[in-house]
Amino acid sequence: MGSETTPKLPLINLNNLNLETKSPNWELVKSQVYKALVEYGCFEAIFDKVSLEVCKGIFDSLEELFDLPLQTKLLNVSKKPYHGYVGQYPMIPLYESMGIDDANVYEKVKSMTNMLWPHGNQSFSKTIHSFSNELTALDQIVRKMILESLNAEKYLEEHMNSTNYLLRVMKYKGPQTSDTKLGLSTHSDKNVVTILYQNQVEGLQVMTKDGKWISYKPSFSSSFVVMIGDSLHAWSNGRLHSPFHRVMMNGNEARYSTGLFSIPKEGCIIKAPEEMVDEEHPLLFKPYDHVEFLKYYYSQKGQRDQNAMRTFCGV
Ligand SMILES: O=C(O)CCC(=O)C(=O)O
Ligand SMILES: [Fe+2]
């Protein structure tokens with residue numbers, strides 16, 4: 001009998017792939033990606049296109065950002081739910097986060113920076129922008145691989161054009177105890193694809209389909225977690241899993257993390273293409289307006305609903 005091993009997320013090397021000209025290893029990596037996303041809804045990606053300097057710099061930038069006075073951080077507002085400052089919640093007292101819409105567009109990052117630092121903060125703008133912009137390549141590779149795997153390449157352009165990028169940045173205070181405390185409650189992401197990155201403090205846990213928690217330990221400094229959100233789960237008519245995950249904290253050190261979220265644009269209707277529906281895969285969700293769904297999800301009723309998508313648009 002083999003001894004019990006700690007469950008791990010699948011680890012996939014996404015270096016040396018090219019979006020335009022297909023690299024020799026494209027097909028092999030594609031099958032690994034698809035399998036991981038069907039089974040786990042996520043995987044650990046090794047991706048060295050984001051320069052080491054930027055990967056290191058991002059955490060200095062986050063420290064500088066979260067060290068701003070609360071009144072300044074509260075200037076980070078958005079009409080979209082969960083795109084602005086979030087923090088000081090009694091249920092998750094360790095957690096604080098902020099959002100930068102279109103973080104891959106330099107002018108957008110600069111105007112957000114200038115709002116927080118009226119005299120400007122070029123190193124912050126540059127780091128946030130480079131990090132986000134370089135990381136969009138990973139999102140695009142993964143989404144191309146997904147659509148090819150689903151034999152739905154003809155939707156690739158429409159699919160890519162239907163999303164924007166949001167960079168959310170997170171700080172979790174160390175609870176100052178060896179007891180484990182909740183950093184961020186169990187949830188699944190609502191967007192298309194999420195790419196997570198973190199400093200040396202662990203805490204992310206992902207639930208397997210059979211309900212076990214996997215604690216994520218990055219293998220390399222160029223490791224990112226790629227995760228499917230509910231809208232791609234719905235679009236693929238349930239083929240891709242969107243996993244529950246949470247953050248658990250212990251110890252003294254603060255955890256800083258980032259999430260690059262590809263998000264359906266306003267007015268976008270999520271509809272599984274007809275190719276996704278057959279006898280074996282009956283339609284799971286009626287076409288739905290992503291923003292309308294978010295309004296339900298973030299309502300009091302939606303927040304208590306473990307199956308918000310099924311309630312909102314289940315067939
Ligand atoms: O901090 C993390 O690693 C996870 C954050 C997360 O799950 C989210 O923002 O949706
Ligand atoms: Fe999440």
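In each ligand, atom 1 is the first atom listed, and ligand 1 is the first ligand listed. Atom set for the values below is all heavy atoms of this structure, side chains included, hydrogens, waters and symmetry mates excluded.
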Aromatic contact between W235 and H159, with the criterion being ring centroids under 6.0 Å apart: yes or no?
yes
May I have the step-by-step check of side-chain contact (heavy atoms from CB on, under 4.5 Å) for S219 and K8, ending in yes or no?
CA-CA 11 Å; S219 311; K8 280 192 70 183; 4.1 Å; yes
Can you name the N/O/S atom of D189 that is nearest the Fe ion (ligand 2)?
OD1
Show the distances, to 0.1 Å, for all pairs joining an N/O atom of ligand 1 and a protein N/O atom that are shorter than 3.5 Å, listing one pair per line.
from     : atom 1 : to   : atom 2 : distance (Å)
ligand 1 : 1 (O)  : Y172 : OH     : 2.6
ligand 1 : 1 (O)  : R255 : NH1    : 2.9
ligand 1 : 1 (O)  : S257 : OG     : 2.7
ligand 1 : 3 (O)  : R255 : NH1    : 3.2
ligand 1 : 3 (O)  : R255 : NH2    : 3.0
ligand 1 : 7 (O)  : H187 : NE2    : 3.2
ligand 1 : 7 (O)  : H245 : NE2    : 3.0
ligand 1 : 10 (O) : H187 : NE2    : 3.0
ligand 1 : 10 (O) : D189 : OD1    : 3.1

If you draw a 6.0 Å radius around CG in N16, do more than 12 non-hydrogen atoms from other residues or ligands fall strictly inside?
no
Result block: side-chain N/O donor-acceptor pairs under 3.5 angstrom for residues 84-91, not counting sequence neighbours:
from : atom 1 : to  : atom 2 : distance (Å)
Y85  : OH     : Q88 : NE2    : 2.8
Y85  : OH     : E96 : OE2    : 2.6

Non-hydrogen atoms of A45 and L14 that approach each other most closely
CB-CD1, 3.7 Å
Step through the shown structure and confirm whether more than 12 heavy atoms of other residues, nucleotides or ligands are within 6.0 Å of NZ on K265.
yes
Rounding to 10°, state the angle centred on the Fe ion (ligand 2) that links NE2 in H187 with NE2 in H245.
90°
Got Y288 and M309 here, is their nearest side-chain heavy-atom distance under 4.5 Å?
yes
